[in-house]
Amino acid sequence: MRHRLPFARPSLLATAALALVLGPLAAVAQDQAPAKDPKAALEDHQSKSDNKYEPSLDNLAKDEGEVAAPGAPEGIPALTDAQYTEANKIYFERCAGCHGVLRNGATGKALTPDLTRELGFEYLQSFITYGSPAGMPNWGTSGELTQEQVDLMANYLLLDPAAPPEFGMKEMRDTWKVLVAPEDRPTKQENDWDLDNLFSVTLRDAGQIALIDGGSYEIKSVIDTGYAVHISRMSASGRYLFVIGRDAKINMIDLWMKEPATVAEIKIGAEARSIETSKMEGWEDKYAIAGAYWPPQYVIMDGETLEPKKIQSTRGMIYDEQEYHPEPRVAAILASHYRPEFIVNVKETGKILMVDYTDLKNLKTTEIEAERFLHDGGLDSTKRYFITAANARNKLVVIDTKEGKLVAISDTGGQTPHPGRGANFTHPTFGPVWATSHLGDDSVALIGTDPEGHPDQAWKIIDSFPALGGGSLFVKTHPKSKHLYVDATLNPEIEISGSVAVFDTTTMKGDGSDPEFKTLPLAELAGITEGQPRVVQGEFNKDGTEVWFSVWNGKDQTSAIVVVDDATLEVKHVIKDERLVTPTGKFNVYNTKGDIY
Ligand code: DHE
């Protein structure tokens, strides 16, 4: 393991700009005492190397609407319903990502009234104002909350938490619509689109996706989806596209229609991030599954209509302490290619569930003890092993999807791994490896994935080297490419967040020297001169000859998609269009259905 540059110190302006794009980037708060000196606290905060980004549960805040204030015990000022509702909204948008919806703690500390009343109003007020070196943002001194709001929040935390409603079968069925019944759908593809080379592009703040042709770069269609739409996944056949919004709304789009459109939709909770479909041979297009942050649950649905079939709560014991957690969120979900199973990451309990979908009435689940705060991950090149980040613990967990067993847990040596689905390539020295970059520093870590051919390296972090800077979200390559692309989307420096690093994997040495990389200043090459454009998530075309990057800007600013020729590393095309509002994730139909990355 070699040197790593610390995360560049963010300027206040850059931090504020980032907050505008992403919402609150509430950091981990395993804190003890609040810092007393505001200047020192602010300084501590800015210099913190690991600027984690945590969920903003703003859909939950919206769904909750007006909330009745609970009674206040003696000695604690009561809040009016309006004050409690305002505080609740602030809490869900800025605090719940770390401290939990029910205030029972997640990556941040528990803030239940038994604890907060012990600490008292002034302690809480000072903590919220100044933050702490351990990661609690300085909401007051940064100006993000006014003095009145800080006081309101300190008071709010002394009262009982609001419990948002559950979302069970009745609520799901009330939102479920089949807009075009399966029997009324086409029996063959009715358009002349090259479906395998189609890209579904998230238009985050527009609540839409754009379908873009990979050959002509033409925006074929823009389709309304859920709020702050998050990811797209494909059915195994490549016919149905599933899109999930942060508001837990799923759109199922039939790509065979003359004009592809939503044929079924459903809402599966108040907050969600993940969706997947059954991929095992014989089970193609049979089921879809989605996971929710709130309520903490996943649901298995019919793959043709989205009819909800089975809802499973993820509430339960944390894998190691075996203490109850009331709201373990569902993070990444993948479909196994080796067994008729879904692989479900449960964040707060640190469990990976392998859910057998062959008999939903007699559901069999293998529960694997992994590590807390599981987030995203992907398969190795053989698709047998699932490698996933327990990001707040700086670990990678490896699961054998064929045997249904934990294989290894390895420390990446970096701060907050964030692989997306990762990147598989063959290293000249170490053989097949899978890569992740990090949010909290500039390192890229490689884990060996070939237990047969390279047993000494298997499931060990065999190399780590610096890329552009901290704030990286995604790495990407393709079986036909010799390049590894590493973004630095959340880096506070504009030149860094607007660029991508490219490594030549065929010249990597593995002798302790850092591989060189080229910097492609894609935001500049796209001619974007306003805002802080952030280059995010490379995605290859079907043939593996081009890689597409989003240049993600503010909602009212110009964004773009830049197509890079993988052979020459030249920009081949720039897609700019007023419909491209905040493009982020891109999902090529062929690569997504086949887990090619
Ligand atoms: Fe994501 C994947 C959660 C913020 C773009 N994101 C995922 C997955 C999870 C997740 C659990 C894995 C899904 C799967 O594989 O089933 N993301 C979260 C959050 O909780 C978080 C940190 C904060 C939030 O409030 O949502 C968050 N994500 C973001 C963004 O701000 C990004 C950069 C821009 C955006 O569009 O919202 C973003 N996330 C993505 C993308 C993927 C993703 C593009 C899929 C990557 C892939 O290649 O598969």
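One-based numbering, in listed order, for ligands and for the atoms of each.
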### Task
Flag Asp376 as yes when one of its N or O atoms lies below 3.5 Å from any N or O atom of ligand 1, and as no otherwise.
no
### Query
What do you reckon, does Gly420 put a non-hydrogen atom under 4.0 Å from ligand 1?
no
### Message
So that I know where these two stand, are Phe474 and His418 an aromatic pair - ring centroids less than 6.0 Å apart?
### Response
yes
### Check: Thr202 N/O within less than 3.5 Å of ligand 1 N/O
no
### Message
I need the minimum non-hydrogen distance between Gly531 and Asn553, along with the two atoms involved.
### Response
CA-OD1, 3.7 Å
### Which residues share a salt bridge (Lys or Arg N to Asp or Glu O under 4.0 Å) with Lys347, sequence neighbours left out
none
## Note on the structure
Only residue of Arg384, Arg233, Lys279, Arg421 satisfying salt bridge (charged side-chain N to carboxylate O under 4.0 Å, His left out) with Asp595 is Lys279
### Message
Below 4.0 Å from ligand 1: does a non-hydrogen atom of Glu276 turn up there or not?
### Response
no
### Query
What class does the angle between the rings of Tyr357 and Phe342 fall in, given that below 30° is parallel, 30 to 60° is tilted and above 60° is perpendicular?
tilted
#### Entry: Any side-chain donor near an acceptor of the partner, Gln208 and Asp224, under 3.5 Å
yes
### Query
Should Val536 and Phe549 count as side-chain neighbours, where that means a heavy-atom distance under 4.5 Å?
no
### Task
Search all heavy atoms of Val589 against all heavy atoms of Met234 and return the closest pair with its distance.
O-CG, 3.7 Å
### Candidate with minimal heavy-atom separation from atom 33 (C) of ligand 1, of Ile289, Asn391, Leu473, Val330
Leu473
### Query
Should Arg204 be counted as touching ligand 1, given the test is an N or O pair under 3.5 Å?
yes
### Task
Check whether any heavy atom of Tyr597 sits under 4.0 Å from an atom of ligand 1.
no
### Message
Under a 4.0 angstrom heavy-atom cut-off, which atoms of ligand 1 come close to Gly585?
### Response
44 (C)
### Query
Should you measure from each heavy atom of Ile231, which atoms of ligand 1 turn up under 4.0 Å away?
2 (C), 13 (C), 14 (C), 16 (O), 42 (C), 43 (C), 45 (C)
### Query
With a 4.5 Å limit on heavy-atom distance, are the side chains of Glu93 and Tyr91 in contact?
no
### Message
Can you check which of Lys476, Gln537, Arg246, Glu93 brings a heavy atom nearest to atom 30 (C) of ligand 1?
### Response
Arg246
### Task
Just jot down the ring pair (Phe, Tyr, Trp, His ring centres under 6.0 Å) partners of Trp434, sequence neighbours excluded, or say none.
none
#### Entry: Ser56: numbered ligand 1 atoms lying under 4.0 Å from its heavy atoms
25 (O)
### Query
Between His230 and ligand 1, does any nitrogen or oxygen pair lie at a separation below 3.5 Å?
yes
### Query
With a 4.0 Å cut-off on heavy atoms, does Arg233 reach ligand 1?
yes
### Query
Can you list the atoms of ligand 1 that are under 4.0 Å from a heavy atom of Ile333?
14 (C), 16 (O)
### Task
Find all atoms of ligand 1 within a distance of less than 4.0 Å from any non-hydrogen atom belonging to Arg421, and give their numbers and elements.
47 (C), 48 (O), 49 (O)
### Task
Any atoms of ligand 1 less than 4.0 Å from a non-hydrogen atom of Ala331? List them with their elements.
11 (C)
### Query
For ligand 1, is there an N or O atom under 3.5 Å from any N or O atom of Arg273?
yes
### Query
Should Ile352 and Thr388 count as side-chain neighbours, where that means a heavy-atom distance under 4.5 Å?
yes
### Query
Below 3.5 angstrom, do we get any N/O pair linking Ile275 and ligand 1?
no
